[in-house]
2 protein chains.
Amino acid sequence: MNKFKEIFLDLEQKILANEYPPHSLLPSENQLIKTYGVSRETVRKALNLLRDAGYIQKKQGKGSIVLDLNRFDFPISGLTSFRELQDTQRIPSETKVVEIRKIAVSPKLHETTGWPVASEAWKLIRQRRIDGEVVILDKDYLDASIIEELPENRAKVSIFDYFENDLGLEIAYAQKEITVDPVNKELRDLMDLRPEDQHVVTVRSLVYLEDTRCFEYTESIHRLDKFRFVDFARRRKI
Amino acid sequence: MNKFKEIFLDLEQKILANEYPPHSLLPSENQLIKTYGVSRETVRKALNLLRDAGYIQKKQGKGSIVLDLNRFDFPISGLTSFRELQDTQRIPSETKVVEIRKIAVSPKLHETTGWPVASEAWKLIRQRRIDGEVVILDKDYLDASIIEELPENRAKVSIFDYFENDLGLEIAYAQKEITVDPVNKELRDLMDLRPEDQHVVTVRSLVYLEDTRCFEYTESIHRLDKFRFVDFARRRKI
DNA sequence: TAGTGGTCTAGACCACGCC
DNA sequence: GCGTGGTCTAGACCACTAC
């Protein structure tokens, strides 16, 4: 474990434990240098991680102010997977694999992912049930030249877990798009929509590895009333 | 201007000009040190900015790979304001100020923003018209102890511009939430909704200054068919 | 083995806030 | 004036990639 990561985790845990409550100041960089016995740049790296994660706001001449953001809000999509969401929010839920098989890449899927037409891909469809109702439908397409095996029992839990821990893949970044789309017959069959539901929220994600290969395309389809996306964003100036 | 910002801007411009096309490598850190005559940490700061902005992916032992992301996609909400969106996407559009006045902070607004009940706030409602139709309605609430004057002709263009350039406020970060909400009579009156529209997309944002004061709460309400949110996200490991 | 990026150090000077 | 964070330097060692 790197030094700056250890310092980050230690400070994060202290913030979450209210040892450094909101609106208070963290110890100064000079104090942290002494506390952890490291150089200033190492302390600053840890503080920048805290800043990027939305824990603190740094102010020249003053110090690092602890922020007061709802840490119970979570993006329901994107790189934070359904399983993480469920673990953190303790929402009783259930996943059913509807379809899991290899397909040949269609021209349309090629358009989106860049994978060669007719090459192999996994198609995975899962129903996400909360309080007994299917309110999320996840459709995943995976590059079969990267993901050779896809055991159903792993798909039932979290495929990200499987990719990172079992296959050793390094997931690096993703592009996401959120739109509202009309309901079609397939969705009515696979989801517990109410008669008045004419639309669903669709979160489309392209997920990339460290070597910039795109290995996954996902459509996560949410019932309108169950959709919520929250985000923390910093002003990018320059 | 800081050295690392200059290097960032120079490399960004070269990437956008296709001097470093997608999938190619940037010059190595050692080469950039010589090119710009700076130390390695300064080069690395510039490269990290490019990474965070989604321009490159760095790989140990290999180099900085230029990514190929659609730079024409924009978050339609949040810290990127409507005016920036419009400038960049060249969508012919028009803004009409419906309401601009000072109000007393209600208990409900206090709940959201933390501003003292009965203190003064600006209420600003604007219609955003695209292709002749009001498809976005922006409701802004501003702390009047921070924003003392709010000229209507500035509100018509971009209030962020006014805050940053005229008032010298430093906008630091924001919390955003996206949900889908039922339509009510007020929205039917103020927006060009179609008869079948039963819902709208609401983007709620709390915007904060460098000193962690919350100075703005915004509800940006979008017609379903005109809403699109895109994002670039890095996997946060640790 | 040579070259790449990742981490870490010890020091310098500057800009800002607060008293 | 003192302490704070912001920028920058010169150098070290390590881990990874490619050949």
Side-chain angles (χ1 to χ4, degrees), chain A residues 1-11 20 23-52 55-67 168-170 172-173 209-213 234-238, chain B residues 1-11 20 23-52 55-67 168-170 172-173 209-213 234-238:
Chain A
M1 180 73 85
N2 301 325
K3 291 186 183 179
F4 72 91
K5 285 186 188 173
E6 277 176 19
I7 297 170
F8 167 83
L9 289 172
D10 191 50
L11 291 173
Y20 302 125
H23 309 296
S24 70
L25 293 177
L26 290 188
S28 74
E29 294 183 352
N30 274 320
Q31 285 173 292
L32 292 173
I33 288 168
K34 290 172 196 155
T35 303
Y36 295 105
V38 296
S39 72
R40 183 152 172 236
E41 283 301 326
T42 303
V43 163
R44 287 176 57 73
K45 256 191 207 177
L47 291 177
N48 286 340
L49 287 178
L50 289 169
R51 180 199 58 194
D52 294 344
Y55 285 113
I56 61 170
Q57 174 70 14
K58 300 204 280 180
K59 193 94 181 95
Q60 206 174 41
K62 190 159 183 200
S64 299
I65 308 163
V66 178
L67 298 183
L169 297 177
E170 297 270 8
Y173 58 94
L209 300 176
E210 293 246 319
D211 58 8
T212 76
R213 282 183 298 173
R234 289 201 166 268
R235 179 81 163 163
R236 200 173 89 77
K237 17 175 207 222
I238 276 172
Chain B
M1 179 73 85
N2 300 326
K3 290 186 183 179
F4 72 91
K5 284 186 189 174
E6 277 176 20
I7 297 169
F8 167 83
L9 289 173
D10 191 51
L11 291 173
Y20 302 125
H23 309 297
S24 71
L25 292 177
L26 290 189
S28 74
E29 294 183 352
N30 275 320
Q31 286 173 291
L32 293 173
I33 288 166
K34 289 172 197 154
T35 303
Y36 295 104
V38 296
S39 73
R40 183 152 171 236
E41 283 300 326
T42 302
V43 162
R44 286 176 57 73
K45 256 190 207 176
L47 291 177
N48 286 341
L49 287 177
L50 289 169
R51 180 200 57 195
D52 294 343
Y55 285 113
I56 61 169
Q57 175 70 16
K58 300 205 280 181
K59 191 96 180 95
Q60 205 174 41
K62 189 160 184 199
S64 299
I65 308 162
V66 178
L67 298 183
L169 296 177
E170 297 271 11
Y173 58 94
L209 300 175
E210 293 245 322
D211 58 9
T212 76
R213 282 183 298 173
R234 288 199 168 271
R235 179 80 164 163
R236 200 173 89 77
K237 13 176 208 226
I238 276 174

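The sequence lines fix the lettering, A, B, ..., with proteins before strands; numbering per chain opens at 1.
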Protein-nucleotide distance ([X], atom [atom1]; [N], atom [atom2]), rounded to Å:
{"X": "Leu47(A)", "N": "dG5(D)", "atom1": "CG", "atom2": "P", "result": "8 Å"}
{"X": "Asn48(B)", "N": "dG6(D)", "atom1": "CG", "atom2": "C1'", "result": "16 Å"}
{"X": "Asp211(B)", "N": "dG17(C)", "atom1": "CG", "atom2": "C1'", "result": "12 Å"}
{"X": "Glu210(B)", "N": "dA15(C)", "atom1": "CD", "atom2": "C1'", "result": "13 Å"}
{"X": "Gln31(B)", "N": "dA2(C)", "atom1": "CD", "atom2": "P", "result": "18 Å"}
{"X": "Glu6(A)", "N": "dG6(C)", "atom1": "CD", "atom2": "C1'", "result": "16 Å"}
{"X": "Gln57(A)", "N": "dC16(C)", "atom1": "CD", "atom2": "C1'", "result": "15 Å"}
{"X": "Ile33(B)", "N": "dT9(D)", "atom1": "CD1", "atom2": "P", "result": "10 Å"}

Establish, with yes or no, whether the OP1 or OP2 oxygen of [N] is under 4.0 angstrom from a side-chain nitrogen or oxygen of [X].
{"X": "Asn30(A)", "N": "dT4(D)", "value": "yes"}
{"X": "Arg44(A)", "N": "dG6(D)", "value": "yes"}
{"X": "Lys45(A)", "N": "dG6(C)", "value": "no"}
{"X": "Thr42(B)", "N": "dT7(D)", "value": "no"}
{"X": "Lys58(B)", "N": "dG6(C)", "value": "yes"}
{"X": "Ser28(B)", "N": "dG3(C)", "value": "no"}
{"X": "Lys5(A)", "N": "dT7(C)", "value": "no"}

**Study point:** Residue closer to the 5' end of DNA chain C, Glu41(B) versus Leu26(B) (nearest nucleotide)
**Key:** Leu26(B)

Review point. For Val43(B) and Arg40(B), take the nucleotide of DNA chain D holding the closest heavy atom to each; which residue's nucleotide lies nearer the 5' end?
Key: Val43(B)

Point to revise | Stretch residues 59-66 of chain B: residues that reach within less than 4.0 Å of DNA chain D through a heavy atom | key: Lys59(B), Gln60(B), Gly61(B), Lys62(B)

Practice item. Kindly determine whether Leu11(A) and Tyr55(A) satisfy side chain to side chain contact (heavy atoms under 4.5 Å, CB included), including the steps that lead there. Key: CA-CA 10 Å; Leu11(A) 291 173; Tyr55(A) 285 113; over 6 Å; no

On a heavy-atom basis, which atom in [X] and which in [Y] lie closest, and how many Å separate them?
{"X": "Glu210(A)", "Y": "Lys59(B)", "value": "O-CD, 3.7 Å"}
{"X": "Arg234(A)", "Y": "Arg51(A)", "value": "NE-O, 3.0 Å"}
{"X": "Val38(B)", "Y": "Lys3(B)", "value": "CG1-CD, 3.7 Å"}
{"X": "Lys58(B)", "Y": "Asn48(B)", "value": "NZ-OD1, 2.8 Å"}
{"X": "Val66(B)", "Y": "Tyr20(B)", "value": "CG1-O, 3.6 Å"}

**Study point:** Closest nucleotide among dG5(D), dT7(D), dG11(D) to the Glu29(A) side chain
**Key:** dG5(D)

Review point. Given dT7(C), dT9(D), dT4(D), which nucleotide is nearest the side-chain atoms of Ser39(B)?
Key: dT9(D)

Review point. For Gln31(A), which residues count as a side chain to side chain donor-acceptor pair (under 3.5 Å) partner, sequence neighbours excluded?
Key: Ser28(A)

Check your understanding: Going by heavy atoms in the side chains, are Tyr173(B) and Leu67(A) under 4.5 Å from each other?
Key -> yes

